Amino acid sequence: MDLTNQMRAPLYEALLSFKKKRVVPFDVPGHKRGRGNPELVELLGEKCVGLDVNSMKPLDNLGHPTSVILDAEELTADAFGASHAFLMVGGTTSSVQTMILSVCKAGEKIILPRNIHKSVINALVLCGAIPVYVDVKVNHQIGIALGITVSEMKKAMDENPDAKAIFLNNPTYYGICSNLKELTDLAHACGMKVLVDEAHGTHLSFNNDLPMSAMQAGADLAAVSMHKSGGSLTQSSILLCGPNFDSEYVRQIINLTQTTSASYLLLSSLDISRRNLALRGSESFAKVARMAEYARSEINAIGGYYAYGKELIDGDSVYDFDVTKLAIYTRGIGLTGIEVYDLLRDEYDIQIEFGDIGNILAYISIGDRIQDIERLVGALEDIKWEYSKQDTDQFCGEFIQPEAVYTPQQAFYSNKELVDLENTNGRICGELVMCYPPGIPILTPGEKITDEIIAYIQYAKEKGCSVQGTIDPTVSKLNVIKE
């Protein structure tokens with residue numbers, strides 16, 4: 001990485017130059033630098049609304065960049081160790097879907113774990129590819145899916161030598177990392193591409209004490225959520241491309257679905273954040289890691305909670321662990337993760353990332369302070385003493401891997417009918433069912449519904465999880481394939 005060159009922020013600088021010219025707008029957006037929407041100016045500020053502009057020659061065009069955006073993308077590629085980088089304004093959902101659409105066509109196979117984000121399933125609905133799920137081990141103590149073992153991936157590859165690619169999470173929402181380098185080498189030896197969902201791994205490229213990043217491992221494509229741990233605005237993302245992939249073809253795929261009216265607020269935030277990470281990322285994420293480790297130690301000292309970390313590493317299903325992830329098992333105090341999540345927000349004014357059946361995740365990043373950590377620890381201690389109870393509920397809610405009967409596309413476009421949830425045992429699901437966040441599907445289109453899955457959904461609803469993806473907003477009924 002060329003640190004001298006990384007001091008530049010070409011897109012941000014072009015916006016500043018444009019602002020000084022006081023150009024009279026006879027283009028979109030129609031609020032005309034905020035004059036047509038004073039309430040918006042009051043909410044966001046004149047500086048922000050004044051930079052909400054449309055593509056024009058001095059500011060380049062995201063769909064076909066030739067100047068400042070192209071320059072910003074090249075700097076991003078250099079910072080992340082990629083051959084090319086694409087600035088994305090449709091969130092990492094758009095980046096993930098671009099990866100799959102760039103590799104898979106209808107009827108072609110892709111090997112992947114089942115604990116994937118809903119964006120992956122939606123991409124399979126769009127392109128008609130066939131998912132081949134690798135068996136995922138589960139940590140039964142805390143009820144979460146672990147990483148992909150090399151042996152399970154090799155087995156899937158041997159049984160499906162015609163697969164076009166493998167898809168991996170690095171890390172998972174909970175901080176679990178697979179042996180990315182060995183899995184990548186194995187896939188390439190079999191002639192398969194490697195796609196990596198690095199939504200929660202922006203920081204991995206900027207600190208050598210953290211797990212290996214996708215580009216370091218030699219992956220072909222990686223989707224990175226700069227807005228999560230990298231400091232850019234929500235909905236901004238980047239897509240990284242390795243040396244053995246046609247970047248111009250990827251650009252064509254991006255332009256199939258991405259907006260032609262890209263937000264320069266999002267684009268400039270990517271440019272600025274990339275510069276910040278390139279120049280100060282190593283020290284920044286070392287600080288984040290220290291804060292997370294301190295929080296883990298303090299929370300475990302409370303008793304009842306389990307803030308897990310590197311002790312989970314076994315060199316196989318947990319090859320490495322991202323210590324910046326503060327995931328906490330809560331069932332030891334008799335409360336589900338979503339119950340603790342709700343208490344933190346409603347009673348202590350603390351908003352964490354998510355709560356599921358057994359865990360919570362507090363996202364720690366470059367914007368956090370030690371006093372924020374202390375407040376979180378204090379609130380968790382208070383919750384233990386004020387709200388803990390005897391956990392007589394035997395429902396552990398751990399990760400379930402359903403049986404796939406049809407491809408997501410076949411099921412999504414099949415004839416379906418709404419059936420009461422409790423009567424769907426044995427039926428084939430025709431829609432997504434998930435708790436969001438984290439957005440890992442409980443059911444995907446084409447999977448068989450079981451009594452265990454029905455009980456999981458009912459329990460999640462009772463405990464206050466936001467169950468989404470279904471036609472019925474109450475999730476009292478499921479859309480299943482007609483028999």
Side-chain angles (χ1 to χ4, degrees), residues 93 96-97 100-101 103-136 138 145 156 159-160 162-165 167 197 256-257 356-357 395 397-462 465-483:
T93 287
V96 166
Q97 292 178 345
I100 293 173
L101 294 174
V103 171
C104 296
K105 300 180 181 66
E108 295 179 339
K109 296 177 184 176
I110 180 170
I111 302 173
L112 66 172
R114 178 55 179 73
N115 58 323
I116 44 174
H117 189 261
K118 67 170 186 172
S119 58
V120 179
I121 300 300
N122 290 339
L124 298 180
V125 170
L126 291 173
C127 71
I130 302 170
V132 176
Y133 294 120
V134 185
D135 286 339
V136 175
V138 172
E159 293 173 353
N160 300 274
D162 54 340
K164 294 297 179 181
F167 185 98
D197 182 348
L256 289 176
T257 57
D356 62 20
I357 300 299
F395 194 95
E398 68 181 29
F399 175 76
I400 303 169
Q401 185 158 316
E403 177 190 353
V405 180
Y406 299 113
T407 70
Q409 188 182 70
Q410 288 171 333
F412 187 84
Y413 290 112
S414 65
N415 292 324
K416 299 185 283 287
E417 61 182 341
L418 280 173
V419 175
D420 290 338
L421 174 62
E422 59 268 25
N423 296 328
T424 58
N425 180 46
R427 301 295 295 270
I428 308 303
C429 190
E431 60 188 350
L432 270 173
V433 186
M434 64 188 171
C435 293
Y436 192 87
I440 298 169
I442 301 169
L443 282 166
T444 72
E447 291 180 336
K448 181 179 283 190
I449 304 166
T450 64
D451 282 332
E452 182 186 17
I453 293 170
I454 293 169
Y456 186 103
I457 295 170
Q458 290 172 330
Y459 187 85
K461 288 172 57 182
E462 290 168 6
C465 290
S466 178
V467 183
Q468 303 180 11
T470 55
I471 285 180
D472 176 12
T474 67
V475 201
S476 299
K477 298 176 184 289
L478 290 185
N479 215 14
V480 299
I481 296 176
K482 279 189 175 180
E483 295 179 334

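As the structure is a computational prediction, the values presented were derived from the model and not from experiment.
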Visitor: Within a strict 4.5 Å, meaning less than it, do heavy atoms of the Q401 and V136 side chains meet?
Guide: yes

Visitor: Contact between L432 and P445 at the side-chain level, heavy atoms closer than 4.5 Å - yes or no?
Guide: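 Of all side-chain heavy-atom pairs linking P445 with L432, at least one is under 4.5 Å.
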
Visitor: If you look only at distance, which donor and acceptor atoms sit under 3.5 Å apart when one is on a side chain in residues 466-474 and the other is two or more places apart or in another chain?
Guide:
| residue | atom | partner | partner atom | Å |
| --- | --- | --- | --- | --- |
| S466 | OG | Q468 | NE2 | 2.9 |
| T470 | OG1 | D472 | O | 2.7 |
| D472 | OD1 | T474 | N | 3.1 |
| D472 | OD1 | T474 | OG1 | 2.9 |
| D472 | OD2 | T474 | OG1 | 3.1 |
| D472 | OD2 | S476 | N | 2.9 |
| D472 | OD2 | K477 | N | 2.8 |
| T474 | OG1 | S476 | N | 3.3 |
| T474 | OG1 | S476 | OG | 2.9 |

Visitor: I would like to know whether L126 and I100 meet side chain to side chain contact (heavy atoms under 4.5 Å, CB included); could you show each step before the answer?
Guide: CA-CA 10 Å; L126 291 173; I100 293 173; over 6 Å; no

Visitor: Hey, does V480 have a side-chain heavy atom less than 4.5 Å from the side chain of E417?
Guide: yes

Visitor: Please tell me if the side chains of C465 and I357 come closer than 4.5 Å, counting only heavy atoms from C-beta onward.
Guide: yes

Visitor: Minimum heavy-atom separation for E108 and V103, please, with both atom names.
Guide: OE1-O, 3.7 Å

Visitor: How long is the gap from CD1 on I453 to SG on C429, to the nearest 0.5 Å?
Guide: 8.5 Å

Visitor: Search all heavy atoms of I440 against all heavy atoms of R114 and return the closest pair with its distance.
Guide: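 Distance-wise, the nearest heavy atoms are CG2-O, 4.4 Å.
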
Visitor: Working to the nearest 0.5 Å, report the span between CD1 of I442 and CE of M434.
Guide: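 Reported to 0.5 Å precision, the distance equals 9.5 Å.
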
Visitor: Using a 4.5 Å cut-off on heavy atoms from C-beta on, say whether the side chain of Y133 contacts that of L112.
Guide: yes

Visitor: Quick one: are T444 and L124 in side-chain contact, heavy atoms under 4.5 Å?
Guide: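 When only atoms from C-beta onward are counted, L124 and T444 do not touch, as no gap falls below 4.5 Å.
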
Visitor: Just how far is it from atom CD1 of I121 to atom CD of E431, taken to the nearest 0.5 Å?
Guide: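 Atom-to-atom, I121:CD1 and E431:CD are 14.0 Å apart.
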
Visitor: Have a look at T424 and tell me which of N479, I454, L418, T450 forms a side chain to side chain contact (heavy atoms under 4.5 Å, CB included) with it.
Guide: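 Answer after filtering N479, I454, L418, T450: I454.
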
Visitor: Holding to side chain to side chain donor-acceptor pair (under 3.5 Å), I want the full list of residues that pass it with E483, two or more places apart in sequence or in another chain.
Guide: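 Testing E483 for side chain to side chain donor-acceptor pair (under 3.5 Å), a comparison that skips the adjacent residues, returns R427.
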
Visitor: Per the side chain to side chain contact (heavy atoms under 4.5 Å, CB included) rule, which among N425, I457, L443 passes with I449?
Guide: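 Exactly one pass, corresponding to L443.
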
Visitor: As a quick check of understanding, evaluate side chain to side chain contact (heavy atoms under 4.5 Å, CB included) for K105 and K164, giving each step before the final call.
Guide: CA-CA 9 Å; K105 300 180 181 66; K164 294 297 179 181; over 6 Å; no

Visitor: Are side-chain heavy atoms of Q409 and C127 found at a separation under 4.5 Å?
Guide: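 SC-SC contact between Q409 and C127 ruled out.
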
Visitor: Residues in side chain to side chain donor-acceptor pair (under 3.5 Å) with S414, at least two apart?
Guide: none

Visitor: Can you see which heavy atom on K448 is nearest to which on P402, and at what distance?
Guide: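 Reported closest heavy-atom pair: O-CB, 4.1 Å.
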
Visitor: Quick check: closest heavy atoms across L421 and V475, and the distance to 0.1 Å?
Guide: CD2-O, 3.8 Å

Visitor: Would you say that V96 contacts H117 through its side chain, given a criterion of any heavy-atom pair below 4.5 Å between the two side chains?
Guide: no

